[in-house]
Protein chains: 2
Amino acid sequence: MVVVTAMRIGELAERAGTSVKTIRYYDRIGVLRPAERSESGYRLYGEDALDRYRFVRAAQAVGLRLGEIREIIALRDQGETPCGFVVDLIGRRAAELDTRIVELAALRDELRSLDRRARRLDPRRCHPRLVCHVIDGGA
Amino acid sequence: MVVVTAMRIGELAERAGTSVKTIRYYDRIGVLRPAERSESGYRLYGEDALDRYRFVRAAQAVGLRLGEIREIIALRDQGETPCGFVVDLIGRRAAELDTRIVELAALRDELRSLDRRARRLDPRRCHPRLVCHVIDGGA
DNA sequence: CTAAAGCCTCCCCTGTAGGGGAGAGTCAAG
DNA sequence: CTTGACTCTCCCCTACAGGGGAGGCTTTAG
C-alpha cells in the first residue's frame, strides 16, 4: 500500500525495454506480479520490479524457462533460498544440453555424409521408384 | 484405378508400424496421398505407399520437416529430379546445425561456469534484494 | 469538456507433428 | 439382422513465449 514510486505498466515496460504485453504475461504466469492495483485496476509496480524483470531475463538468457523461473521466485518469496534448486536446475540443464549437442552433431555428420554421397551420384540415374536415393538409398 | 493390392488405412498403418492418425495426417499435408478412394470414401493404398512412408521417415530422421519433404515429393511427382533441391536443403540444414551447436555449446559452458561459481558461494549469504545471485550476480 | 493516450480483460494466433474424442457411415462375420 | 470393428470428417489440445486486436474504462493534456 505504501508504494513510494508507483510505475504503471507502460512506464515499466519502457524502462525495461520490453513490451506491455510481456509484462502482463509475466504477471499472469506469476514471475512478475505488480506491487498492487490502483482503484481503477491498473497494475502498479515499485522500483524493484525492474530488478525482477532483469532477473527473469538473465535466467532466460541461460536457458531457463519461465515455469522454472517462477519456481525459483516462488521459493524466494516464501523466504527460502533458491540456491540449491537453482544449482540442481542448471546442472540438469547442462547435462541435457550435452546430450542434445551430441545428437545434433551426429545429425550434422549424417547430413554431411549424405551431402558427399549426393555429389558423387549421377543425377540422371536418380530415377528409381523411390523418391530420392540420396535420402533413402542409404537405408 | 487399377489398384492391384488395395490396403485400407488400418492395414497400412499396422504394416508401417505407425498410427492411423499419422497416415491421415500425411494425407492431409500431402506427403502420402492414397492411390484412390473407395466408393464409400475409404482411403486405398498400393504397395508403394509403404516405400513412400519409409522415405518420409528416413527424411524426418535426417532432420527434414514434413513441409520440406512435401516439396521434395511434389518435385518427384511433377517428373523432376529433386536431387538438387535435396542437396541444397541438407547443405543448408547442416550449416544451421553447426550454428545451433555452437550456440548450445556456449550456453552449456555458461551453465557450467555458473555451476562452479554457485558451489563457491555461501548459501547463507544468498539473501540480497535480488532473487538469486547465482544467476544475476554475474550480470 | 473533449480527445488522445493508456490501461483493462478476453479471445484467437503463431509453429510442429500429430493425439483424443465425437458423431456418423460402412463392412464383415455370426 | 445385428454387432463389433473399421473408417470417415471435424474440432479441440499439447509446449513456448508472447503478439494482435476488440470492446470498454480511466487518466491526462489542451
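Within every chain, numbering begins at 1; the chains are lettered A, B, ... in the order of the sequence lines, protein sequences first and strands thereafter. Because the structure is a prediction, the values reported are computed rather than measured.
The residues Glu68(A) and Arg93(A) are annotated as salt-bridged, a charged nitrogen and a carboxylate oxygen being separated by less than 4.0 angstrom. Between Asp77(A) and Arg52(A), at least one side-chain nitrogen of the basic residue sits less than 4.0 Å from a carboxylate oxygen of the acidic one, meeting the salt-bridge criterion. Note on Arg15(B) versus Glu11(B): salt bridge recorded, some NZ/NE/NH1/NH2 to OD/OE distance being below 4.0 Å.
Evaluation of atom-type donor-acceptor distances gives no pair under 3.5 Å for the side chain of Tyr25(A) against the base of dG19(D).
Rounded to an integer number of Å, the gap from CD1 of Ile29(A) to P of dC16(D) is 10 Å. Taking atom OH on Tyr42(B) and atom P on dC6(D), their separation rounds to 11 Å, with Å as the unit. Between Tyr53(A) atom OH and dA17(D) atom C1' there is a gap of 12 Å when expressed in whole angstrom units. Rounded to whole Å, atom P of dA22(C) lies 15 Å from atom CZ of Arg24(B). If you take CZ of Arg57(B) and P of dA17(C), they are 10 Å apart, rounded to a whole angstrom. Atoms CD1 (Ile69(A)) and P (dA17(D)) sit 7 Å apart, rounded to a whole Å. Going from atom CZ of Arg65(B) over to atom P of dG18(C) covers 14 Å, rounded to whole Å. Here dC27(C) presents its C1' atom at 15 Å from CD of Glu11(B), a figure rounded to the nearest Å.
Within a 6.0 Å sphere centred on CD of Glu14(A), heavy atoms belonging to other residues, nucleotides or ligands number 12 at most.
Nucleic acid contact class of Arg8(A) (heavy atoms, under 4.0 Å, all strands): sugar-phosphate only. Here Arg43(A) lies in heavy-atom contact (under 4.0 Å) with sugar-phosphate atoms only. Counting any heavy atom pair closer than 4.0 Å across all strands shown, Ser19(B) reaches sugar-phosphate atoms only and no base atom.
OP1 or OP2 of dG19(D) has at least one side-chain nitrogen or oxygen of Thr22(A) nearer than 4.0 Å.
Side-chain atoms of Lys21(A) lie closest to dG19(D) of the nucleotides dG19(C), dC25(D), dG19(D). When each of dT7(D), dG18(D), dT26(D) is scored by its nearest atom to the side-chain atoms of Tyr26(A), the top-ranked nucleotide is dG18(D). Distance from the side chain of Leu66(A) is smallest for dA17(D) among the nucleotides dA17(D), dG18(C), dC8(D). With distances taken from any side-chain atom of Ser40(B) to the nucleotides dT26(D), dT26(C), dC7(C), the minimum falls on dT26(C).
Tested against Asp115(A) for a salt bridge (Lys or Arg N to Asp or Glu O under 4.0 Å), the candidates Arg112(A), Arg119(A), Arg117(A) yield a single pass: Arg119(A).
Residue Gln60(B) is the one, among Ser38(B) and Gln60(B), whose nearest nucleotide of DNA chain C lies closer to the 5' end (criterion: closest heavy atom).
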